[in-house]
Amino acid sequence: MSPIMQFNPSQIWSVLLISALLAGCSTERTHDSAHFETGESLVLVGQTPARLAFNPSSPKAVRVRSTYRDGLSNTVHYVVGQDFVVTANGEIERAANSRIPDFGTNILFGKEDFNHGQFPGFGNNAFFVYVDYDHREAWKPLPAKAEFSAKALPVTRRKLRAGETLRMVAYGDSITAGGEASETGLIFWERWADALRKKYPRASIQITNGATGGDSTAQGLQRLQAKVLSQKPDLVLIGFGMNDHNREGFGVPLAKFAENLRSMIDRIRAETGAEIVLFSAFPPNPKWAFGSHNMAAYAEATEQVALEKHCAFADVFHFWQQFAARKKPEDLLANNINHPNDFGHWIYFQALEALGL
């Protein structure tokens with residue numbers, strides 16, 4: 001996704017973040033161009049206010065619940081004034097006797113440089129709230145850079161438009177495997193495939209989960225035949241980096257990471273002829289002991305390989321970073337380490353949508 005005119009990259013990504021928020025919502029309802037809803041996730045600490053991506057149009061416009069999808073048997077709808085308040089700055093704050101779980105009681109709250117293995121039962125899912133709200137901001141969506149967009153997927157686009165069968169494989173680590181989406185249909189690539197089915201109803205879109213939790217590009221190369229090549233795909237989504245970027249002794253050095261991606265691409269093309277979408281990863285919790293906290297370099301390397309190999313590229317890293325600038329890392333991390341929650345999977349989905357397929 002490239003700067004246009006004279007905008008700098010941070011301006012571009014700010015606009016892209018907001019445009020993505022406008023494009024989707026957990027309740028799937030349609031709004032006019034000035035009002036939007038999202039399933040934006042937060043964890044709330046005591047009575048400390050937490051920021052949303054936009055300022056709500058009014059306190060009455062804010063709806064807070066306990067599940068990403070509304071209307072589930074276990075969904076709790078929280079009451080403004082009783083469970084939470086909306087501050088004058090448009091932030092969300094727990095009320096004194098709120099039913100909303102206090103993230104301050106989370107086992108990892110306040111821990112620095114933590115080893116998650118020392119804290120059985122870690123995770124944030126029990127603490128999330130999901131916020132729907134209206135606001136009065138409108139932004140025009142920005143597409144991916146032309147060289148990384150659907151223009152890099154001509155065969156895929158032709159098959160979809162012709163109503164043919166498209167076989168896809170999603171390949172990567174535990175994030176791609178689905179961790180920790182609350183249901184299969186909320187995994188980012190499932191959402192993308194479903195969106196494509198709606199856009200191209202005559203096409204038969206088949207997608208296989210070829211990802212394995214804990215894998216880096218090293219294991220990705222080892223499993224390529226069994227998980228990808230044997231499927232004879234038309235399109236392969238490749239997303240590594242979260243485990244590769246881990247500190248020395250646990251991850252894969254940057255140069256080797258890029259080399260492994262190139263090897264995967266070359267083998268896939270040589271043996272199946274499939275087109276490829278590379279996508280980057282987001283930074284894990286900065287308080288986690290095992291991260292190198294150099295994800296920016298791994299994301300840049302992923303983009304560079306996509307450029308060299310003429311692949312489509314979904315820039316999850318920068319998209320995610322725009323949320324991170326406004327929110328706590330824990331607001332988006334289901335395991336409090338390196339797995340997105342349902343809203344985080346939605347961010348990935350929006351990065352794929354930006355390809356313009």
Side-chain angles (χ1 to χ4, degrees), residues 1-4 7-14 16-17 20 142-154 156 169-173 175-176 188-189 192 211 215-221 224 228 235-248 250-270 272 274-284 291-322 324 338 347-348 350-357:
M1 299 170 187
S2 62
I4 57 175
F7 295 129
N8 63 43
S10 63
Q11 290 172 315
I12 291 294
W13 286 112
S14 294
L16 181 56
L17 160 72
L142 292 177
K145 292 178 182 178
E147 62 269 32
F148 294 144
S149 71
K151 292 181 180 179
L153 305 170
T156 297
V169 173
Y171 196 51
D173 51 33
I175 297 170
T176 305
F188 66 92
W189 48 263
W192 191 51
D215 276 7
S216 68
T217 52
Q219 291 79 37
L221 275 174
L224 195 66
V228 178
L235 178 64
V236 181
L237 313 182
I238 301 177
F240 288 94
M242 186 58 75
N243 297 315
D244 296 82
H245 109 293
N246 288 344
R247 74 186 194 194
E248 186 176 356
F250 294 91
V252 175
L254 187 61
K256 185 63 175 175
F257 167 75
E259 179 184 328
N260 289 346
L261 287 178
R262 294 187 190 99
S263 296
M264 285 185 214
I265 293 165
D266 289 345
R267 287 185 60 190
I268 290 169
R269 285 176 169 166
T272 72
E275 293 179 326
I276 294 166
V277 177
L278 291 184
F279 58 91
S280 53
F282 62 89
S292 69
H293 305 300
N294 189 29
M295 187 60 81
Y298 284 80
E300 183 178 355
T302 304
E303 180 175 358
Q304 194 59 40
V305 171
L307 184 64
E308 293 171 12
K309 293 294 185 178
H310 306 288
C311 298
F313 173 65
D315 198 343
V316 171
F317 176 83
H318 285 99
F319 208 102
W320 190 282
Q321 284 294 78
Q322 291 300 317
N338 57 6
I347 297 173
Y348 271 73
Q350 292 301 312
L352 289 172
E353 280 279 89
L355 298 177
L357 191 60

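- Ser292 has its side chain out of reach of Phe250: every pair of non-hydrogen atoms, C-beta onward, lies at least 4.5 Å apart.
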Item to check | Trace of the side-chain contact (heavy atoms from CB on, under 4.5 Å) decision for Trp192 with Glu353 | outcome: CA-CA 7 Å; Trp192 191 51; Glu353 280 279 89; 3.5 Å; yes
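- For the atom pair CG of Asn243 and OH of Tyr298, the computed distance is 11.0 Å after rounding to the nearest 0.5 Å.
- A pairwise comparison of heavy atoms in Ala312 and Ala152 identifies N-CB, 3.7 Å as the closest pair.
- For the pair Phe188/Thr176, a side-chain contact is recorded, criterion being any heavy-atom separation below 4.5 Å from C-beta on.
- No side-chain donor-acceptor contact under 3.5 Å links Gln350 to the backbone of Ile347.
- Side chain of Ser280 to backbone of Asp315: no donor-acceptor contact under 3.5 angstrom is found.
- The two residues Ala314 and Leu352 make their nearest non-hydrogen contact at CB-CD2, 4.0 Å.
- Expressed to the nearest 0.5 Å, how far CG of Leu221 lies from CG of Leu261 amounts to 8.5 Å.
- A salt bridge links Glu259 and Lys256; the closest N-O separation between the charged side-chain nitrogens and carboxylate oxygens is under 4.0 Å.
- Separation of atoms CG (Asn338) and CG (Asp173) is listed at 8.0 Å; rounding is to 0.5 Å.
- Scanning for side-chain hydrogen bond (donor to acceptor under 3.5 Å, both in side chains) contacts around Ser149 gives an empty result, with sequence neighbours left out.
- Considering every non-hydrogen atom in both Ala297 and Leu254, the closest pair reads O-CD1, 3.6 Å.
- Ring geometry, Tyr348 versus Phe279: the interplanar angle exceeds 60°, so the pair is classed perpendicular (tilted spans 30 to 60°).
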Next on the checklist: Applying side-chain contact (heavy atoms from CB on, under 4.5 Å) to Phe282 and Ile175, what does each step give before you reach the verdict?
Outcome noted: CA-CA 10 Å; Phe282 62 89; Ile175 297 170; 3.8 Å; yes
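- Scanning for ring pair (Phe, Tyr, Trp, His ring centres under 6.0 Å) contacts around Trp189 gives an empty result, with sequence neighbours left out.
- Of the candidates Glu303, Glu275, Arg269, Arg269 is the only one forming a side chain to side chain contact (heavy atoms under 4.5 Å, CB included) with Cys311.
- Under the rule for a side chain to side chain contact (heavy atoms under 4.5 Å, CB included), the partners of Ala296 that lie at least two apart in sequence or sit in another chain are Phe317.
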Next on the checklist: Using the rule given for side-chain contact (heavy atoms from CB on, under 4.5 Å), can you reason through Glu147 versus His310, listing the C-alpha separation, both sets of side-chain angles and the distance that settles it, and then say yes or no?
Outcome noted: CA-CA 7 Å; Glu147 62 269 32; His310 306 288; over 6 Å; no
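- When every heavy atom of Asn246 is checked against every heavy atom of Gly291, the shortest pair comes out as OD1-CA, 4.1 Å.
- For the atom pair CG (Leu278) and OH (Tyr171), the distance works out to 13.5 Å, reported to the nearest 0.5 Å.
- How far OG1 of Thr302 is from CG of Asp244: 8.5 Å, rounded to the nearest 0.5 Å.
- A pairwise comparison of heavy atoms in Met242 and Ala281 identifies N-CB, 4.2 Å as the closest pair.
- With rounding to the nearest 0.5 Å, the separation of CE in Met264 from CZ in Phe240 is 4.0 Å.
- In Glu300, the CD atom is not crowded: 12 or fewer heavy atoms of neighbouring residues, nucleotides or ligands sit closer than 6.0 Å.
- Counting only heavy atoms from C-beta outward, the side chains of Ile238 and Val228 never approach each other to under 4.5 Å.
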Next on the checklist: Could you walk me through whether Lys309 and Ile276 satisfy the side-chain contact (heavy atoms from CB on, under 4.5 Å) test, starting with their C-alpha distance in whole Å, then the side-chain angles of each, then the deciding distance to 0.1 Å, before giving a yes or no?
Outcome noted: CA-CA 9 Å; Lys309 293 294 185 178; Ile276 294 166; over 6 Å; no
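- In terms of heavy atoms, Asp215 sits closest to Gly220 at OD2-N, 4.4 Å.
- Residues His245 and Pro283 fail the side-chain proximity criterion, which asks for heavy atoms closer than 4.5 Å.
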